[in-house]
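Notes for the one structure printed next.
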Amino acid sequence: MVDDSEDTNAHPFSQVPIEIMISVGKARPLVKDLLKLQSDSILALDRNVDDPVELYVGDKLIARGELQELDGDQAGQLAVRLTEVADLKNGL
């Protein structure tokens, strides 16, 4: 069993949740095309379905990974399997 109490005391913010943004791609439509968008419109991105996604905290790239769909009780929910993780020892 691992004792986290010392680690928590060393890092008082270790229990604070943060938001991680997952970038699946970018689109660069012309303004005239953007103004035509409606429900059910399709906006093509610059990546393929199987391309890696990027994980950001603020504007800092912290990891890359692959999109996955969960099974079981969470079937249909998206998740990310990490394939690369940045060295965060020196902070974000």
Side-chain angles (χ1 to χ4, degrees):
M1 186 152 111
V2 176
D3 180 10
D4 290 346
S5 61
E6 186 176 324
D7 187 43
T8 302
N9 291 334
H11 304 287
F13 296 112
S14 66
Q15 299 299 312
V16 176
I18 61 168
E19 183 172 87
I20 297 176
M21 299 296 295
I22 313 299
S23 175
V24 297
K26 295 179 184 173
R28 292 191 169 253
L30 297 174
V31 172
K32 69 177 184 170
D33 296 328
L34 185 64
L35 295 172
K36 294 178 189 175
L37 292 178
Q38 345 175 352
S39 186
D40 291 330
S41 293
I42 295 176
L43 186 61
L45 301 178
D46 64 348
R47 294 190 186 175
N48 294 317
V49 170
D50 294 329
D51 287 348
V53 296
E54 297 172 334
L55 290 77
Y56 290 90
V57 172
D59 62 354
K60 177 76 173 182
L61 177 65
I62 61 161
R64 288 190 177 88
E66 302 168 344
L67 286 179
Q68 305 243 306
E69 184 178 346
L70 297 179
D71 295 326
D73 293 342
Q74 297 174 318
Q77 183 174 346
L78 283 176
V80 177
R81 178 180 304 277
L82 300 182
T83 57
E84 295 178 55
V85 178
D87 180 6
L88 302 175
K89 289 185 177 89
N90 295 322
L92 294 173

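Since the structure is predicted, the reported quantities are computational estimates derived from the model, not experimental observations.
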Pairs satisfying salt bridge (charged side-chain N to carboxylate O under 4.0 Å, His left out), at least one member in residues 70-86, at least two apart: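 Qualifying pairs, neighbours excluded: Arg64-Glu84.
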Side-chain donor-acceptor distances from residues 32-42 under 3.5 Å, at least two apart:
unit_1	atom_1	unit_2	atom_2	d
Ser41	OG	Gln38	N	2.8
Ser41	OG	Gln38	O	2.9

Less than 4.5 Å apart, side chain to side chain, heavy atoms only: is that true for Leu55 and Leu61?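 Sidechains of Leu61 and Leu55: no contact.
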Compile the donor-acceptor pairs under 3.5 Å between side chains in residues 19-31 and protein atoms, sequence neighbours left out, one pair per line.
none

Apply the hydrophobic cluster definition, ILVMFWY joined by side-chain contacts under 4.5 Å directly or through others, and give me every member besides Val49.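 In the cluster with Val49 there is nothing else; it is isolated.
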Common cluster, Leu78/Leu82, ILVMFWY with side-chain heavy-atom separation under 4.5 Å: no
Enumerate the residue pairs fulfilling side-chain hydrogen bond (donor to acceptor under 3.5 Å, both in side chains) with a member in residues 44-54, sequence neighbours excluded, ordered by first and then second residue. Arg47-Glu54, Glu54-Tyr56
